[in-house]
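Here's the structure, in structure tokens; my notes come after.
In what follows, chains carry the letters A, B, and so on, assigned in the order in which the sequence lines appear, proteins first and then strands, with residues in each chain numbered from 1.
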Amino acid sequence: MNSEELSDRYAPEEVESRIYKWWEERGFFNADDASIKPPYCIILPPPNVTGSLHLGHALDHSIQDCLIRWKRMSGFNALWLPGTDHAGIATQNVVEKELKKEKLTRQILGREKFLERVWAWKDQYGSRIIEQMKRLGDSCDWRRHVFTMDESVSRSVRKVFVTLYQNKKIYQGERLINWCPRCETALSDLEVEHRDSKGSLWHIAYPIIGTMDTLIVATTRPETMLGDAAICVHPDDVRYKDLIGKIVQLPLTDRQIPIIADKYVDQEFGSGALKITPAHDFNDYKIGQTHKLAIINILTPQGTLNDLVPEKFRKLSVPEARKKIVEALKEQGFLKKEEGHNLSVGRCSRCESVVEPFLSKQWFVAIQDLAAGAKRVVENGTTSFVPENWTKTYLHWLGKIEDWCISRQLWWGHRIPAWSCAECKHVTVSMDDPSQCESCGNAEITQDEDVLDTWFSSALWPFSTLGWPDESEALKTFYPTDVLVTGHDIIFFWVARMIMMGLDFKKDVPFRTAYIHGLIRDSQGRKMSKSLGNSVDPVEAIEKYGADALRFTLLSSVASGRDLKFTVDKLEINRNFMNKIWNATRFSLTALKDFVPPKEELPSKSYLSVSDQWITYRLGEVEKEMDDSLSNFKFSEAAQSIYSFVWHDFCDWYLEFIKPIIYGPDNQDKKSTQLVLAHTLNRVMRLLHPFVPFITEAIYQKLPIRNDALIIDKYPTPANDRNWLALGSEKAAFEMELVKEVITAIRNIRGENRIKPGEKITAKINPSDAEAQKILGNNKSFIMNLARLSECEIGPISDRQKCAVTLVSRGEAKIEVVVPLIGLVDFDEEINRIKKNIEKIQKEIQSLNKKLGNEEYVRNAPGDVVEKDRELVMQNKSQLNSLQESLARLQ
RNA sequence: AGGAGUUUAGCUCAGUUGGUAGAGCGCCACCCUUACAAGGUGGAUGUCGGGGGUUCGAGCCCCUCAACUCCUACCA
């Protein structure tokens with residue numbers, strides 16, 4: 001292969017699918033259950049099986065793939081285990097919407113036929129998201145792909161359910177739960193989203209029996225008054241003290257209810273009297289329990305008023321009923337006041353319908369014991385959050401968690417393995433489908449209609465995917481897993497529950513580290529959503545900019561766990577970076593055309609040019625930075641390190657330094673530089689690979705120094721790469737920095753004086769000491785080339801007439817850079833340049849002197865800090881002198 | 001109401017234990033220099049949200065105020 005095959009622009013579409021296929025065919029993604037390598041495991045948070053990839057996934061996956069590739073290259077038996085989730089309520093809703101187009105409902109179809117439709121839907125769309133993940137470069141062990149409704153997972157789910165039931169941690173109870181009247185199912189607390197909305201506070205007069213007085217009650221939900229069981233006041237409320245125990249007439253009905261007292265009531269709010277509707281409000285429910293009030297349910301599962309209300313309100317929806325009841329109260333003189341009031345309304349997170357507190361019989365997980373364990377392991381650091389500030393959020397939530405309602409009145413999901421007996425009503429819960437009641441032996445038993453909350457199976461994911469309840473090799477090797485990567489939006493839904501279940505069933509945490517990243521927002525900080533039209537389709541982004549550009553963009557934006565703003569121009573920037581990598585390679589391969597990798601050991605350092613020793617030294621620094629950053633999940637720092645190394649050290653300076661050598665006459669110099677170039681390029685690809693796998697593998701395959709495949713080559717670190725890095729030299733690095741500064745100084749004079757790049761100029765360079773003299777002498781050709789000089793004198797300067805002057809200093813070395821300007825420019829620009837510099841230096845001297853004039857500073861500050869300032873003053877002063885001299889000569 | 005977070009250059013963000021403010025993009029000027037115009041070289045840009053305190057010294061530590069964001073809970 002040679003460079004002619006590389007076009008001058010990187011074309012991702014040409015390499016991505018080819019490279020991915022090759023990796024897959026070679027089995028590079030596969031992990032072994034039995035391996036002498038240390039295990040490293042990440043379980044993929046399973047995306048919804050019928051969903052499609054969005055930017056949130058792309059971020060989540062880029063992080064995980066970066067970690068997995070890094071660890072795989074670092075010698076680990078790295079497993080990234082993929083899966084998909086059946087996403088009960090979400091998927092069911094999607095299919096129901098499809099049915100609606102055909103004027104069908106799931107009820108018309110019946111359970112069996114409906115489930116057939118959902119499976120068909122899953123078969124049609126289930127592979128879409130997998131294909132999209134492959135486009136992104138996800139290096140999952142696809143042989144192990146698991147779906148939450150697979151036989152194996154279903155068995156885990158049932159085992160967990162049965163065990164928890166036997167241990168009395170799962171129970172059935174009739175209580176108030178969140179109910180979505182549209183989905184007609186129970187929801188967990190987490191599935192309810194609270195949103196502020198405008199409402200009213202209605203003041204209603206309840207006539208007090210045996211008096212002519214009324215008691216004013218304020219409510220935001222007048223329609224629920226038909227289910228009132230009492231009026232409650234604060235026991236110390238002087239206004240109402242005497243009324244406690246009296247009876248009021250419930251308007252619009254023939255019912256009478258008592259006035260009770262409870263400290264729960266806030267005397268300041270509304271009228272200080274609260275109507276208690278135990279069946280339709282969580283707080284009222286609690287008060288109802290303590291005061292043993294009747295629970296009067298006035299709603300149907302569809303959210304309409306039922307037969308317990310007066311005839312004329314029956315079958316009305318909640319909003320309709322509210323309107324009618326307010327009207328009726330007004331007509332009959334019970335309504336005393338209506339005022340605006342903001343309140344937050346719970347809505348179904350899947351369909352946005354208003355959620356009703358609803359009394360029904362559901363299955364619950366007793367959470368307190370599980371939560372205590374989940375708290376403990378995070379408190380003692382067995383599992384830690386990165387960044388750690390999520391620890392507080394997590395513990396705070398676990399501190400006040402309530403039992404988890406796990407039954408859903410849906411059809412798509414894991415059906416609850418409970419059968420009730422027609423005869424004795426006993427409930428049989430068992431691993432295998434029973435044929436008779438375990439209590440009375442009656443064969444007439446029917447399975448519970450409900451399915452489990454999707455998150456129930458998700459909670460078992462870290463061990464159910466590895467084969468549990470079998471003690472499989474995979475489970476032994478990979479549990480507990482190493483890192484869980486997910487967004488902060490599902491810490492409660494998922495992270496906490498996995499820890500609970502892992503502890504309960506595997507007696508160990510499911511993962512050592514929970515890496516929590518932020519969510520992706522648009523340029524204005526809003527959530528990305530289809531309805532806002534601000535979402536970016538990652539597949540489109542890949543098609544336009546390449547998967548690597550997308551990955552690098554995401555990885556360099558993810559920092560400190562905060563939400564990140566995403567804009568398309570970042571993709572362009574990183575697309576350009578890919579192109580830079582590509583073109584640097586193109587040049588390098590040309591330079592390496594006649595290069596044959598030597599068989600012998602590495603050369604001795606003394607054969608290498610200063611630039612070669614410098615770039616190798618810098619490479620060592622970058623290897624260390626990458627190792628540090630990746631070990632601490634600092635993806636953006638790692639991305640920045642390598643970006644700046646590749647662009648600003650390797651391309652901007654190193655490749656420019658070596659051009660004369662490569663094109664030059666000295667074969668020996670050329671050979672050693674080619675060796676360094678080839679080795680450096682090889683390491684750059686290895687360092688970059690976890691971030692931008694496609695382009696790096698494609699390039700790697702063309703390199704003169706390489707192994708079989710980049711994806712399984714070694715990730716370079718200062719430790720494993722020490723033989724090569726030993727060729728780097730700090731001294732050479734210092735020398736190069738000095739040379740770079742001199743070059744920059746000349747370029748600055750050129751730029752500020754608007755001397756065109758094509759115009760050759762001469763320069764005189766006056767080093768202050770013999771060491772600097774030697775360094776500059778050795779690197780004269782670099783300086784002449786990169787500063788585009790026709791002549792360059794190094795040594796004492798006698799004539800400074802009409803010259804531009806700049807002083808360069810680094811460490812001990814002080815260098816005067818002088819460019820004669822006669823015949824090149826009029827001197828106005830140079831005079832301005834010098835004046836500007838003088839001003840700057842004067843300011844600095846001033847502030848330093850002020851500091852040093854402060855006795856307290858000199859006394860209290862560490863000696864070296866003060867000494868450094870003193871040196872700076874000296875340096876600045878000599879610069880100032882020299883600048884003032886040249887200014888005088890110009891004027 | 002409780003909790004968490006943010007506020008640094010026009011934009012997006014870095015700033016480790018307190019020691020004279022950084023990057024990328026954008027902007028300005030000049031350049032099609034034989035890897036790359038998706039490029040090169042040079043340049044300008046900040047009372048680090050306001051106020052107060054500790055300190056010789058604060059972007060960083062403490063107090064306070066303000067604005068914004070998210071989470072949890074919710075007063076009917």
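Distances shorter than 4.0 Å separate none of the side-chain N or O atoms of H488(A) from OP1 or OP2 on C70(B). The side chain of H194(A) contributes no N or O atom lying less than 4.0 Å from OP1 or OP2 of C71(B). For R9(A) and A38(B), the shortest distance from a side-chain N or O to OP1 or OP2 is below 4.0 Å. Regarding contacts with the backbone of G39(B), a side-chain N or O of N576(A) is found under 4.0 angstrom from either OP1 or OP2. Contact check, R586(A) against U34(B): no side-chain N or O comes under 4.0 Å of OP1 or OP2. Residue K392(A) places at least one side-chain N or O under 4.0 Å from the OP1 or OP2 atom of A4(B). Taking only side-chain nitrogens and oxygens, K565(A) comes nearer than 4.0 Å to OP1 or OP2 of C13(B). Phosphate contact (OP1/OP2 of G43(B), side-chain N/O of N748(A), threshold under 4.0 Å): present. OP1 or OP2 of A35(B) has at least one side-chain nitrogen or oxygen of K659(A) nearer than 4.0 Å. Taking side-chain N and O atoms only, N579(A) has no distance below 4.0 Å to OP1 or OP2 of A38(B). Put simply, Y285(A) has no side-chain N or O that comes within less than 4.0 Å of OP1 or OP2 on A76(B).
Proximity note for D569(A) (side chain, C-beta onward) versus G42(B), U20(B), C25(B): the nearest is C25(B). When distances are taken from the side chain of S847(A) to each of A76(B), A73(B), U20(B), the shortest belongs to U20(B). Listed nucleotides A76(B), A23(B), C13(B) differ in distance to D266(A); the shortest reach to its side chain belongs to A76(B). Listed nucleotides G42(B), C56(B), U33(B) differ in distance to R788(A); the shortest reach to its side chain belongs to U33(B). In this structure, of G19(B), A44(B), A35(B), it is A35(B) that holds the atom nearest to the side chain of E656(A). Nearest nucleotide to the W397(A) side chain, out of A76(B), U72(B), C36(B): U72(B). Distance from the side chain of P757(A) is smallest to C30(B) among G19(B), G42(B), C30(B).
Using a 4.0 Å heavy-atom criterion, one finds that R575(A) contacts the bases of the nucleic acid, with or without backbone contacts as well. Across all strands shown, H203(A) has no heavy atoms under 4.0 Å from either base or sugar-phosphate atoms. Within the nucleic acid shown, W647(A) comes within 4.0 Å of sugar-phosphate atoms alone, with no base atom in reach, counting heavy atoms only. If you check every strand for non-hydrogen atoms under 4.0 Å, E759(A) touches nothing. At a threshold of 4.0 angstrom between heavy atoms, the contacts of E572(A) with the nucleic acid are absent. Residue contacts for F577(A): at a heavy-atom cut-off of 4.0 Å it reaches no nucleic acid atom on any strand shown. Contacts of T219(A) with the nucleic acid, taken as non-hydrogen atoms under 4.0 Å apart, involve only primed sugar atoms and P, OP1 or OP2. Across all strands, R859(A) comes closer than 4.0 Å to no nucleic acid atom at all (heavy-atom distances). Within the 4.0 angstrom heavy-atom criterion, only backbone atoms of the sugar-phosphate kind lie near T744(A); the bases stay farther away. Contact annotation for L274(A): base contact, defined as any heavy-atom pair under 4.0 Å involving a base atom. Counting any heavy atom pair closer than 4.0 Å across all strands shown, F282(A) reaches no nucleic acid atom. Among the protein residues, D489(A) comes within range of no part of the nucleic acid, since none of its heavy atoms lies under 4.0 Å from any strand. Within the nucleic acid shown, C651(A) comes within 4.0 Å of at least one base atom, counting heavy atoms only. Nucleic acid contact for I749(A): none, since no nucleic acid atom lies under 4.0 Å from a heavy atom of the residue.
Listed here is the closest heavy atom pair of R750(A) and K756(A): NH1-O, 2.7 Å.
Counted within 6.0 Å of CD on E402(A), heavy atoms from surrounding residues, nucleotides or ligands total 12 or fewer; the atom is thus considered open.
Between A584(A) and Y264(A), the one whose closest nucleotide on RNA chain B sits nearer the 5' end is A584(A). Residues D563(A) and L872(A) each lie close to RNA chain B; by heavy-atom proximity, the contact nearer the 5' end of the strand is made by D563(A).
Base pairing of G18(B) is not made with any nucleotide, judged by Watson-Crick or G-U wobble geometry with both donor-acceptor distances under 3.5 Å. Across all strands shown, the partner of U6(B) is A67(B), judged by Watson-Crick or G-U wobble contacts whose two distances both fall under 3.5 Å. Across all strands shown, G39(B) forms a Watson-Crick or G-U wobble pair with C31(B), both key distances being under 3.5 Å. With both pairing distances under 3.5 Å, G24(B) is matched to C11(B) as a Watson-Crick or G-U wobble pair. When Watson-Crick and G-U wobble pairs are counted only if both distances are under 3.5 Å, C60(B) pairs with no nucleotide at all.
The separation of G57(B) from G53(B), taken at their C1' atoms, amounts to 15 Å, rounded to a whole angstrom. U33(B) and G39(B) are spaced 11 Å apart, taking the C1' atom of each and rounding to whole Å. U47(B) and G26(B): their C1' atoms are spaced 24 Å apart (whole Å).
The base of A23(B) is not paired with the side chain of E637(A) by any donor and acceptor separated by under 3.5 Å. Contact of K580(A) with C36(B) (side chain to base): a donor-acceptor pair of N or O atoms is detected under 3.5 Å.
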Legend entry - Verdict with supporting geometry, N574(A) and Y545(A), side-chain contact (heavy atoms from CB on, under 4.5 Å): CA-CA 8 Å; N574(A) 290 307; Y545(A) 300 98; over 6 Å; no
Legend entry - Chi angles and distances behind the salt bridge (charged side-chain N to carboxylate O under 4.0 Å, His left out) call for E656(A), K659(A): CA-CA 5 Å; E656(A) 297 304 328; K659(A) 274 177 185 172; 3.2 Å; yes
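A cation-pi arrangement, defined by a distance under 6.0 Å to the six-membered ring centre and an angle within 45 degrees of its axis, is absent between K580(A) and Y10(A).
The existence of a salt bridge linking E871(A) and K868(A) is excluded, since no basic side-chain nitrogen approaches an acidic carboxylate oxygen closer than 4.0 Å. Between E752(A) and R754(A) there is no salt bridge, since no side-chain nitrogen of the basic residue lies less than 4.0 Å from a carboxylate oxygen of the acidic one.
Between W390(A) and Y394(A), a ring centre-to-centre spacing not shorter than 6.0 Å is recorded. You'll find the ring centres of Y264(A) and H291(A) outside the 6.0 Å limit.
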